[in-house]
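What follows is a short report on a single structure.
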Amino acid sequence: MAVELLLLLLLCGSTISEMQPIHKSPPGTLDFGFVPVKTYDTHAYYEPGPIGILFSIVHSFLYVVQPNSFPQEVIRKLAQQKFGNIQNDYQKPENVVLTLQLFLSELQAIYYEIGFIICAALGLLFVLLLPLVGLCFCMCRCCDNCGGEMHQRQKKNADCRRGCFATFLFVTSLIISIGVLCAYAANQHLTDQVRGAKHLMYSNFKDLRIFLNDTPGQIDYLVSQYNTTKEKVLSDLNNVGPLLGFRVQEQLGKEVRPALDAALAMAGAIRETKEALENVSVSVEVLQEGTERLHANLTDVKAHLSNTLNDSACSAPQVASTCNMIRNSLHQLNINANYSGLPSVNLQLAKVNDVLKIDLSSLVQKGYTAFNDTPDLVMNQTRNILSDIQNVLESVGSNITSFTKSLPVEKIIADFTMYLSQSEAYVQDYFPVVEQYDFYRWLVCLILCCMVILILVFYYLGLLCGTCGYDRHASPTTRGCVSNTGGNFLMAGVGFSFIFSWVLMIVVVVTFVTGGNVEKLVCEPFEDKTLFKVFDTPYLLNQHWKNYLSGILLKNPDINLTFEKVYSDCKENKGIYTSLHLESLFNINEFLNISMYTEEVSLKIEHININLSGIILLDAPGRQNLLNFSSSGVDGINFAAYLTEINKSITKVDLLSFANDLEARADQLPRGALENALKGHANSIRTIHDQQVIPLEQAMSTLNRSIRLLQKTSSELMEKVKNVINAVNAAQLLINNNASLVIVQETKKYMDMIIGYFEQYVNWVKESVTMDVAACKPIANVIDTAVDIFLCSYVTDSVNTFWFGLGGCSIFLIPAIIFAVKLSKYYRRMDTEDVYDDVETIPMKNMENGNNGYHKEHLYGIHNPVMTSSVEQW
């Protein structure tokens with residue numbers, strides 16, 4: 001039943017997640033949100049608090065007792081002999097090897113347990129010998145031996161011995177007190193944790209209910225997110241024009257746009273050529289007229305200047321040289337360039353004007369417009385398949401919904417909820433019984449602690465009374481009542497030590513062997529997961545099953561499903577689908593074959609037929625217009641003649657420099673009419689430069705730019721025009737003949753994008769089922785709660801700490817008995833004592849008093865006043 005629930009809860013998700021993707025990389029990313037996951041209340045982690053220090057000490061002691069690693073192979077062999085049928089094989093005489101292997105395994109087990117065996121043997125020896133020793137000690141004292149004789153010999157170091165025995169007994173009692181406190185703390189800790197386990201138990205039940213109740217909602221969420229995929233697919237299908245049309249347009253545009261750009265650039269070149277030709281014609285006319293006026297003005301200036309230099313004033317010796325220099329430079333006032341011989345461009349300009357009668361730019365723009373209408377063409381020509389694909393998508397969604405509704409999830413969850421409720425009710429009914437028995441255990445352990453406390457009370461009272469009532473000046477026979485009472489308390493403690501110690505040690509041995517082995521064989525291997533490796537041993541728990549867990553849950557022992565993997569996956573809160581390898585139970589195509597629907601969608605998309613032959617990039621008049629431009633004769637212009645004149649300066653000399661130089665020479669002359677006349681000529685030359693030369697230079701600059709533009713445009717003009725026409729023809733041919741191939745390629749990419757949405761949905765479902773849906777953290781929490789927390793942390797650690805403290809008390813009772821017996825001799829009132837007449841002749845006096853070295857009081861008349869008073873009162 002449990003397996004059926006787990007399988008059916010994830011059936012829908014698993015069927016989708018197992019579909020093999022058709023394509024590799026979806027172009028877009030869909031947002032499916034997050035699977036609704038509630039937070040579990042149980043935190044399977046336990047922090048013992050201050051008592052954890054004692055737990056650590058006990059763990060260290062157990063490591064000293066048992067330092068060997070977990071015996072996996074030994075346990076495997078012993079388990080195979082125990083659970084399998086091979087024990088019958090061991091009984092066969094011919095299987096000597098198997099018998100020998102079993103014997104070796106048993107020896108290895110004994111070697112592993114040697115520490116526990118030795119400690120248990122010592123404990124049993126303690127149990128057997130201590131009562132026997134106590135009995136012999138009691139009988140020996142009754143015979144006035146073993147310290148039973150009420151006589152104390154006088155010794156020089158009596159005070160030192162008494163102090164040492166008291167100190168040793170006190171220290172030993174403190175150690176025993178610490179031990180009994182540890183035992184009591186462990187006993188109380190176990191009771192407190194058992195009482196607190198009720199909340200932890202209910203928390204696990206609550207998490208299991210959440211686990212069961214939320215799983216159907218998670219599956220419904222996975223199914224509902226198919227609508228996200230469907231809506232995205234429908235949205236892209238409704239936008240097939242912008243999507244597929246733009247894709248086709250983008251691919252065709254790699255050749256179409258450059259061709260149209262080149263044609264448009266050529267149209268711009270025609271307009272620029274016209275402007276350049278007009279500029280050349282105007283500039284040449286301006287230059288020709290300007291140079292004629294400039295030549296006439298320069299001739300006049302030169303004549304006037306020559307007349308001035310012929311004046312008699314220039315014949316003076318001090319100015320003759322200056323006048324001669326000026327006269328020699330007059331030939332520089334002349335025109336340098338001759339623009340009258342430049343060829344005319346009016347013929348070319350007329351032909352270009354004829355070409356411009358047809359607006360090539362508008363023709364190219366029409367081509368652009370027709371090409372940019374590709375998305376609309378695609379939209380209009382694909383309307384017929386949208387409804388078919390939408391019907392397919394609706395069919396897929398209805399199939400998914402109907403399939404999930406057909407699963408008996410609610411019934412199975414109801415059955416498991418009822419089973420869970422019954423289990424919870426059973427625990428609620430019997431947990432008080434557990435608490436009651438735990439109270440009995442607590443009471444028994446408290447009684448054991450009280451036994452030790454009773455002994456300690458006698459020892460502490462004996463030490464207190466003996467120490468406080470002891471009188472150094474009193475003789476052994478005259479010691480006070482308090483001191484004597486202290487000695488009696490010590491002997492009472494000794495007596496109860498003999499009575500209780502063996503009982504305590506029996507409890508210690510039993511709990512030590514049990515708790516120690518549980519810690520070493522269960523808790524530690526559970527923590528490092530080696531215990532799961534033992535359970536995962538093939539053919540261990542069932543000789544016919546390779547994997548026991550898969551055989552129990554999935555009815556297929558060949559599936560590699562291990563305890564360790566399931567526990568680790570649930571510990572990481574992975575989905576139960578992944579943890580239990582449920583994919584091995586389903587054939588996806590039998591339940592929900594998404595690939596069939598995507599294939600149908602693909603076929604319908606592949607049948608898209610788009611005709612782009614109506615797109616005309618450049619009609620025949622446009623092409624003829626380009627050819628006419630190439631034959632306009634622009635390339636026949638004599639650019640060399642133009643460039644030769646353009647490279648010349650307008651005048652042979654810079655008129656500003658000539659005027660400045662003339663004025664400077666005039667300044668060298670004496671002041672007078674000659675100087676003023678020369679300066680007037682200099683100003684005239686400057687005026688000519690400003691009013692005539694500068695405009696001519698501007699016209700020459702325009703001519704230069706235009707000629708160079710025409711030269712650049714006309715360079716291989718015929719070849720350029722042919723290239724433009726060929727590019728347009730090739731692009732038109734691509735649209736008319738080869739567009740179908742481009743459309744098929746782009747349709748395939750578009751189909752990949754549409755199918756990619758399904759893939760994203762499938763991958764998301766797979767990831768969600770793997771990590772989020774029915775996350776089995778509660779199952780790992782139940783195991784951790786039962787084993788790690790309750791068994792190991794609550795019970796085993798507490799039990800181990802209890803026997804550790806109680807065992808320490810039992811062991812230290814032995815030295816406490818010895819010290820108490822020795823010390824009581826110094827506190828109790830003796831019947832006889834040593835009496836010496838002369839300290840220097842002690843041996844002589846001893847001889848006189850008898851063989852025992854002391855005398856009786858009634859022989860010498862020395863009476864004990866305390867004894868006398870006691871007798872009189874009696």
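Positions are given from 1 along the sequence. Model, not experiment: these values are computed from the prediction.
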Using side-chain contact (heavy atoms from CB on, under 4.5 Å), reason through Val782 and Phe205 one step at a time and then give a plain yes or no.
CA-CA 9 Å; Val782 170; Phe205 278 117; over 6 Å; no
Is Asp207 paired with Lys777 through a side-chain N to carboxylate O contact shorter than 4.0 Å?
no
Is any side-chain heavy atom of [Y] closer than 4.5 Å to one of [X]?
| X | Y | answer |
| --- | --- | --- |
| Asp528 | Phe70 | no |
| Thr562 | Phe532 | no |
| Ile783 | Tyr567 | yes |
| Trp803 | Val507 | no |
| Ile818 | Leu169 | no |
| Val795 | Leu190 | yes |
| Val58 | Asp797 | no |
| Leu504 | Met451 | yes |

For [X] and [Y], which heavy atoms make the closest approach, and how far apart are they?
| X | Y | value |
| --- | --- | --- |
| Ser810 | Val508 | OG-CG2, 4.4 Å |
| Phe126 | Ile814 | CE1-CD1, 3.3 Å |
| Val180 | Cys449 | CG2-O, 3.6 Å |
| Val494 | Ala820 | CG2-CB, 3.5 Å |
| Phe498 | Trp502 | O-CD1, 3.5 Å |
| Val566 | Ser579 | CG2-O, 3.3 Å |

What residues form a ring-ring contact (aromatic ring centres under 6.0 Å, His included) with Phe535, not counting sequence neighbours?
Phe563
Does Lys546 have more than 12 heavy atoms from other residues, nucleotides or ligands lying within 6.0 Å of its NZ?
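No, because the 6.0 Å sphere around NZ of Lys546 holds 12 heavy atoms or fewer from other groups.
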Lys822 atom NZ: more than 12 heavy-atom contacts under 6.0 Å
no
By the ring pair (Phe, Tyr, Trp, His ring centres under 6.0 Å) test, which pairs, at least two apart or in different chains, include something from residues 805-824?
Phe168-Phe819
Rounded to the nearest 0.5 Å, what separation is found between the [atom1] atom of [X] and the [atom2] atom of [Y]?
| X | Y | atom1 | atom2 | result |
| --- | --- | --- | --- | --- |
| Asn781 | Asn204 | CG | CG | 6.0 Å |
| Asp569 | Lys571 | CG | NZ | 13.0 Å |
| Ile51 | Gln193 | CD1 | CD | 8.5 Å |
| Ile114 | Asn68 | CD1 | CG | 10.0 Å |
| Ile176 | Cys809 | CD1 | SG | 6.5 Å |
| Ile789 | Leu200 | CD1 | CG | 5.5 Å |

With sequence neighbours left out, write down each residue that passes salt bridge (Lys or Arg N to Asp or Glu O under 4.0 Å) with Asp192, or none if nothing qualifies.
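So Asp192 forms no salt bridge (Lys or Arg N to Asp or Glu O under 4.0 Å) with any residue.
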Which residues share a side-chain hydrogen bond (donor to acceptor under 3.5 Å, both in side chains) with [X], sequence neighbours left out:
| X | value |
| --- | --- |
| Gln422 | none |
| Glu524 | Lys520 |
| Asn573 | none |
| Ser203 | Thr42 |

Near-ring test [Y]/[X], centroid separation under 6.0 angstrom:
| X | Y | answer |
| --- | --- | --- |
| Tyr46 | Tyr794 | yes |
| Phe55 | His189 | yes |
| Phe61 | Phe804 | yes |

Which residues pass the side chain to side chain contact (heavy atoms under 4.5 Å, CB included) test with Gln428, not counting sequence neighbours?
Tyr202, Glu424
Per the salt bridge (charged side-chain N to carboxylate O under 4.0 Å, His left out) rule, what does the pair list look like for residues 439-468, sequence neighbours excluded?
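Pairs touching residues 439-468 that pass the test: Asp438-Arg441.
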Would you mind listing every salt bridge (charged side-chain N to carboxylate O under 4.0 Å, His left out) that reaches into residues 44-65, with sequence neighbours excluded?
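Found none.
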Would a distance-only check, ignoring hydrogens and angles, find a side-chain to backbone donor-acceptor pair under 3.5 Å from [X] to [Y]?
| X | Y | result |
| --- | --- | --- |
| Thr796 | Leu791 | yes |
| Thr530 | Phe526 | no |
| Asn187 | Ala183 | no |
| Ser173 | Leu456 | no |
| Thr467 | Leu464 | no |
| Ser793 | Phe790 | no |

In sequence, state the C-alpha distance, the side-chain angles, and the governing distance for Asn800 and His59, and then conclude on side-chain hydrogen bond (donor to acceptor under 3.5 Å, both in side chains).
CA-CA 9 Å; Asn800 288 339; His59 291 166; 5.7 Å; no
Cys445: disulfide (SG to SG under 2.5 Å) partners, not counting sequence neighbours
none
Taking disulfide (SG to SG under 2.5 Å) as the test, write out the residues that go with Cys570, two or more places apart.
Cys776
Step by step, would you call Val194 with Trp442 a side-chain contact (heavy atoms from CB on, under 4.5 Å)?
CA-CA 11 Å; Val194 168; Trp442 176 84; over 6 Å; no
Chi angles and distances behind the side-chain contact (heavy atoms from CB on, under 4.5 Å) call for Tyr440, Gln436
CA-CA 6 Å; Tyr440 296 151; Gln436 183 178 3; 2.7 Å; yes
Intermediate values then yes/no, side-chain contact (heavy atoms from CB on, under 4.5 Å), Leu490 and Phe458
CA-CA 6 Å; Leu490 293 178; Phe458 282 126; over 6 Å; no
